[in-house]
Number of protein chains: 2
Amino acid sequence: MTPQRAAVLEALSTCKHHPTAEDIYELVVRKVPRISLGTVYRNLQVLVDEGYATRLPAMEGSHRYDRVVAAHHHIVCSGCSRIVDIHLEDDDSLRETVEAQCGFVVNSHRTEFEGTCGECAAK
Amino acid sequence: MTPQRAAVLEALSTCKHHPTAEDIYELVVRKVPRISLGTVYRNLQVLVDEGYATRLPAMEGSHRYDRVVAAHHHIVCSGCSRIVDIHLEDDDSLRETVEAQCGFVVNSHRTEFEGTCGECAAK
DNA sequence: TTACATGCAAAACTTTTGCAACTTA
DNA sequence: TAAGTTGCAAAAGTTTTGCATGTAA
C-alpha cells in the first residue's frame with residue numbers, strides 16, 4: 001500500500017460523484033504532486049481486482065469508478081448527466097425468471113435508470 | 001438514405017450478436033467495398049439519433065450496437081462474453097419506488113445481468 | 001441545385017505498457 | 001533483498017473530424 005494507492009482510494013471514498021480516472025487524478029495530484037495519470041489507472045485496476053472499487057460501464061467518454069459499499073444501482077439525469085445511487089432490495093423471483101428464460105446461472109445484475117432530476121425538471 | 005447507410009442498417013438487423021462498429025464495418029465492406037470505418041461510425045450515430053439503433057454501454061473495449069426492436073435487457077456470460085437478450089415485463093411499482101427514492105422522473109431503465117451460460121457452466 | 005454524405009487521413013481521446021529508477025514489506 | 005510500484009513517455013485502441021469530392025432528392 002503505497003501513498004499513491006492510498007490517495008487514490010481516499011479520493012474514491014471522498015468523491016461521491018462517480019469520478020473518472022482523470023477526475024481522480026486531479027484530486028490526488030494536490031496531495032501527491034508527482035503522481036502520474038498512468039499510476040492512477042494502474043491503482044484503479046488493482047482496486048477493482050481486489051473488490052474495493054467498481055468500474056461502471058461507459059455510455060460515452062471515460063469510464064467512471066465507484067467505491068464499493070454495497071450492491072446498488074444508478075440513475076442518470078438526461079439533462080445534466082448527474083448520477084445518483086439507487087438502493088433496491090434483491091428480488092429472487094427476478095433471478096428465477098431470467099434463469100428460466102435464458103438458461104444462464106445469474107450471478108448479479110445492475111439496473112441503470114435514466115430520467116430527469118428535480119432541478120432539470122424545474123427548468 | 002445512401003447505399004452505405006442502408007447497408008449499415010441491414011448489417012445491424014442481420015447480426016444478432018450485438019456487433020461493434022468494427023464488426024459492422026467488416027460485414028458491410030463485403031457489399032460496399034469502398035466504405036470507410038468513419039462512415040460506419042457516422043451512420044451508426046445517425047441511426048442512434050433517429051431511434052433505429054442503440055449504443056450499449058461498454059465495460060471494456062468497443063461499444064456495441066443493437067437494432068432497436070423493443071425495450072429489453074441483456075445478460076453477459078462471464079465465461080465467454082456472449083450477450084443474450086432478456087425480455088421482462090415493465091414494472092410500475094419499480095418506477096414508483098425509484099422516483100420516490102431519488103426525486104427524478106424515470107423515463108427508462110435497462111438491467112444488465114451477469115452470469116454463466118449453459119455451455120460455460122458445463123465446463 | 002443545394003444540402004447532405006462519402007473516403008481518406010489526420011487528430012483527439014482514453015487507456016495500457018515498457019523501462020529504468022525507486023519503495024515497500 | 002525481493003517483489004512490487006512509480007514516473008515518464010511512447011504506444012495501442014477507439015472514435016471523431018477536416019476537407020475536397022461526390023451523390024441524393
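Order of the sequence lines fixes the chain letters, A, B, ..., with proteins taken first and strands second; residue numbering starts at 1 for each chain. Values below: all heavy atoms of this structure, side chains included; hydrogens, waters and symmetry mates excluded. Predicted model only: the values in this text are computed from it and were never measured.
- Below 30°, between 30° and 60°, or above 60°: for His73(A) and Phe113(A) the angle between ring planes is above 60°, a perpendicular geometry.
- Between Asp49(A) atom CG and dG4(D) atom C1' there is a gap of 15 Å when expressed in whole angstrom units.
- Remark: P of dA9(D) and CZ of Arg34(A) are 10 Å apart, rounded to the nearest angstrom.
- In this structure, CE of Met59(A) is placed 18 Å from P of dT14(D), rounded to the nearest angstrom.
- Checked for salt-bridge contact, Arg82(B) and Glu119(B) meet the test: a charged N lies under 4.0 Å from a carboxylate O.
- Put simply, Ser62(B) has a side-chain N or O that comes within less than 4.0 Å of OP1 or OP2 on dT14(D).
- If you check every strand for non-hydrogen atoms under 4.0 Å, Pro3(A) touches sugar and phosphate atoms only.
- Within the 4.0 Å cut-off from OP1 or OP2 of dG7(C), at least one side-chain nitrogen or oxygen of Thr39(B) is found.
- Side-chain N/O atoms of Gln4(A) include none lying less than 4.0 angstrom from OP1 or OP2 on dT23(C).
- Residue whose closest nucleotide on DNA chain D sits further toward the 5' end, between His63(B) and Met1(B): His63(B).
- Atom CG of Leu37(A) and atom P of dA11(D) are 18 Å apart (whole Å).
- Rounded to whole Å, atom P of dG13(D) lies 17 Å from atom OH of Tyr25(B).
- Residues Ser13(A) and Arg67(A) have side chains that bring a donor and an acceptor to within less than 3.5 angstrom of each other.
- Nucleotide dT14(C) holds its P atom 11 Å from the CD atom of Glu26(A), rounded to whole Å.
- Phosphate proximity of dT6(D) to Thr2(A): present, with a side-chain N or O under 4.0 Å from OP1 or OP2.
- Between the side chains of Gln4(A) and Thr39(A), no donor N or O sits under 3.5 Å from an acceptor N or O.
- The nearest whole Å value for the distance from the CG atom in Asn43(A) to the P atom in dT24(C) is 13 Å.
- Between the side chains of His74(B) and Asp66(B), at least one donor N or O lies within less than 3.5 Å of an accepting N or O.
- Dashed line: the shortest gap from a side-chain N or O of Tyr41(A) to OP1 or OP2 of dT15(C) is under 4.0 Å.
- If you check every strand for non-hydrogen atoms under 4.0 Å, Arg42(A) touches a base.
- Protein atom CG of Leu44(B) is 10 Å distant from nucleotide atom P of dT15(D), rounded to whole Å.
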